[in-house]
Amino acid sequence: MSQISLPSPLDMHVHLRQDDMLHHVTPYTAQQFVGAVCMPNTLPPVDSMKRYDAYVAEIKAAAAPLEFEPYVPLFLRPDYTREELEPAVDRLFGAKLYPAGVTTNSEGGVKEVEKLEPVLDLLQDLGIPLLVHGETDGYSPDREREFLAVYDHFAKTFPKLRITMEHITCADTVDFLEKHDNVFATVTLHHLLYTLDDVLGGLFNPFLFCKPICKSAKDRDALQALVLSGHPKVMFGSDSAPHTEVMKRTEGMAGCFTAPVLLPMLAEFFEDNDALDKLEPFVCDRAREIYPRIRVPERNVVLENTEWTVPPRYGSVVPINPGDRLRWQVV
Ligand code: NCD
Ligand code: ZN
């Protein structure tokens, strides 16, 4: 039986929520990854060091007995002060920009990105990376492309600020990655595999509905080529974002729950493309290169070649591909 052993894989973008949902979903991430960027769009958001400390402790408790390192970016507010951030610089992973209203729990996000310059200057000065949900409030399929002008402005104005374009989805963003040395990207599993037709070309599939929305086959192919090339500025970030089945079906919440199937499906994707050697750089090495200051627990995660069927639901949450037969399984 063949095996794949991954040294300390990392998921550089995940939503673990809070309370019961956090305790329910965190083990799926902690079994497959030794650390993850845990997004701060909780209710209320993680926008102070007091909340930050409580959130890190809650996640670690939910992952126990597994050792798991949460990297939590603060929910970016335009009014953070040097007094607030400087003492926390050693433990702070980054700051996450959510333009107001573009995704789940982003109502308290930034209304006018133009007014962010003082706080971005402060982040740059303190060496705190910026993570961005890069979408405008324009026509859905164009939102990420329209946001490239904002990335361009930030990257030029703050050349020492490390900027990560989260969950990138389109071919223009792939090209844009080459433009600035200080711009990096995460790519999800679902944007690598699916297009808008999978979401709504037949019957609407609410479990594949997320922000940013999956794009065209051309965009997906550009993402695949980028990831299969082992690009040094690109790391894995699942954007696994659980909502209950009821909320998905009745409220139309955006977010795909992928946590339990991530490494098995990534292994399958790389294997199908004769590029299994690129799996480890994508899920293990790139994040450590791009964020050299993170502390990464040492643990091997092993996959073996044993078929299994994705269950219809995990508690109240439906995964992206219930009923699929997968070839790889986490031991
Ligand atoms: C995420 C969520 O549910 O928190 N939803 C999503 O569609 N991806 C938020 C986000 O990352 O945009
Ligand atoms: Zn997200």
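Counting starts at 1 for both ligands and their atoms, in listed order.
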**Message:** Could you identify the single nearest non-hydrogen protein atom to atom 8 (N) of ligand 1 and state the distance to 0.1 Å?
**Reply:** D239 OD2, 2.8 Å
**Message:** Using a 3.5 Å cut-off on N or O atoms only, is T103 in polar contact with ligand 1?
**Reply:** yes
**Message:** Quick check on contacts: which atoms of ligand 1 are under 4.0 angstrom from a heavy atom of C210?
**Reply:** 7 (O)
**With the Zn ion (ligand 2) as the apex, the NE2/NE2 angle for H13 and H15 - to 10°** = 110°
**Close approach of H167 to ligand 1, heavy atoms, under 4.0 angstrom** = yes
**Request:** Please identify each residue that fulfils side chain to side chain contact (heavy atoms under 4.5 Å, CB included) with S48, with sequence neighbours left out.
**Result:** K50, R51
**Message:** Counting non-hydrogen protein atoms only, what is the nearest one to atom 11 (O) of ligand 1? Give residue, atom name and distance.
**Reply:** H15 NE2, 3.0 Å
**Message:** I need the nearest protein heavy-atom contact for atom 3 (O) of ligand 1: residue, atom name and distance, please.
**Reply:** R17 NH2, 2.8 Å
**Fill in**
Here the N/O/S atom of D239 closest to the Zn ion (ligand 2) would be OD1
**Asked** If we only count N/O pairs under 3.5 Å, is Y98 in contact with ligand 1?
**Response** no
**Prompt:** Is E166 close enough to the Zn ion (ligand 2) to have an N, O or S atom under 2.8 Å?
**Reply:** no
**Request:** Determine whether any heavy atom of M253 lies closer than 4.0 Å to an atom of ligand 1.
**Result:** no
**Nearest protein heavy atom with distance in Å, relative to atom 5 (N) of ligand 1** = A254 O, 3.1 Å
**Message:** Salt bridge check, R286 against E289: does any charged N sit closer than 4.0 Å to a carboxylate O?
**Reply:** yes
**Prompt:** Of the listed options (H133, E166, K211, H243), which comes nearest to atom 6 (C) of ligand 1 when hydrogens are ignored and any heavy atom counts?
**Reply:** K211
